[in-house]
Amino acid sequence: MGAAVTRAIRNFNLENRAEREISRMKPSPAPRHPSTKNLLREQMSSHPEIKGEIARKDDKLLSLLKDVYVHSKDPVSFVQVKDAGTPQKPKEFRLPKDHHSDMMNVKNIPKGKISIVEALTLLNNHKLYPDTWTAEKIAEEYHLEQQDVNSLLKYFVTFEVKILPPEGKKAIQSK
């Protein structure tokens, strides 16, 4: 029932609407730049056959145009081909080393990564006990690469507060 109503509305006054669309003025071309108008007039007056050539339709070209078929595909990116060929193996996880993980809701940590709390802990342990907490031991304990641990110990330090009394004044004694 709904299709019949839709068809009746779509076909209502179809001939008049089509006739109105056909008789409507076609869009005019964009205005030309004033400097080229004079050149075009000169060319048209010196070569009147150009006007006829512009308006004429070439059947040979139209038939060739009808035979043209463009078939294209988006190029497949290298990353997609690589991912499709090798299935991704599941990551290995480890449990956090300390009891502070409850505060941050950390359930498991991928191997080769550490949490902020663990990073601060291992940096502090290395600073306080460098003989015990060597780079090799830290790498083994936290499942990290040796090179990453060496860079971590070299470029990162924990926050340290030092209060130095001024040299010229005596320190204030606390009561």
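The shortest distance between side-chain heavy atoms of Leu153 and Leu123 falls below 4.5 Å. The side-chain heavy atoms of Lys57 and Leu62, taken from C-beta on, include a pair separated by under 4.5 Å.
Atom-to-atom distance recorded for Lys66:NZ and Leu64:CG is 11.0 Å, nearest 0.5 angstrom. Summarising the geometry, atom CZ belonging to Arg20 is positioned 12.5 Å from atom CD belonging to Glu15; distances are rounded to the nearest 0.5 Å. Distance check, rounded to the nearest 0.5 Å: OG of Ser45 to CD of Glu42 gives 6.5 Å. To the nearest 0.5 Å, atoms OG (Ser46) and CE (Met44) are separated by 10.0 Å.
No donor-acceptor distance shorter than 3.5 angstrom exists from the side chain of His143 to the backbone of Gly112, with no hydrogens or angles considered. A donor-acceptor pair is defined here as one N or O able to donate and one able to accept, closer than 3.5 Å; no such pair exists between the side chain of Gln43 and the backbone of Leu40. Formation of a donor-acceptor pair under 3.5 Å by the Arg17 side chain with backbone atoms of Phe12 is found in this model.
Residues that satisfy the side chain to side chain donor-acceptor pair (under 3.5 Å) test with Arg24, not counting sequence neighbours, are Glu21. Evaluation of the side chain to side chain donor-acceptor pair (under 3.5 Å) rule for Ser35 yields His33 as partners, not counting sequence neighbours.
Dense packing is recorded around CD of Gln146, with more than 12 heavy atoms of other residues, nucleotides or ligands lying under 6.0 Å away. The neighbour count for Arg32 CZ, taken as heavy atoms of other residues, nucleotides or ligands under 6.0 Å away, does not exceed 12. The number of heavy-atom neighbours closer than 6.0 Å to CD of Glu145, taken from other residues, nucleotides and ligands shown, is 12 or below. Crowding of Lys51 atom NZ: a count of heavy atoms from other residues, nucleotides or ligands under 6.0 Å not exceeding 12. For Asp67, the CG atom sits in a packed shell: over 12 heavy atoms of surrounding residues, nucleotides or ligands are nearer than 6.0 Å.
Using a 4.0 Å cut-off between a side-chain N of Lys or Arg and a carboxylate O of Asp or Glu, Lys137 and Glu140 do not qualify as a salt bridge.
Contact record, Trp133 with His126: O-ND1, 2.7 Å, taken as the closest heavy-atom pair.
A side chain to side chain contact (heavy atoms under 4.5 Å, CB included) with Ile138 holds for exactly one of Ile114, Leu122, Asn150, Asn125; it is Leu122.
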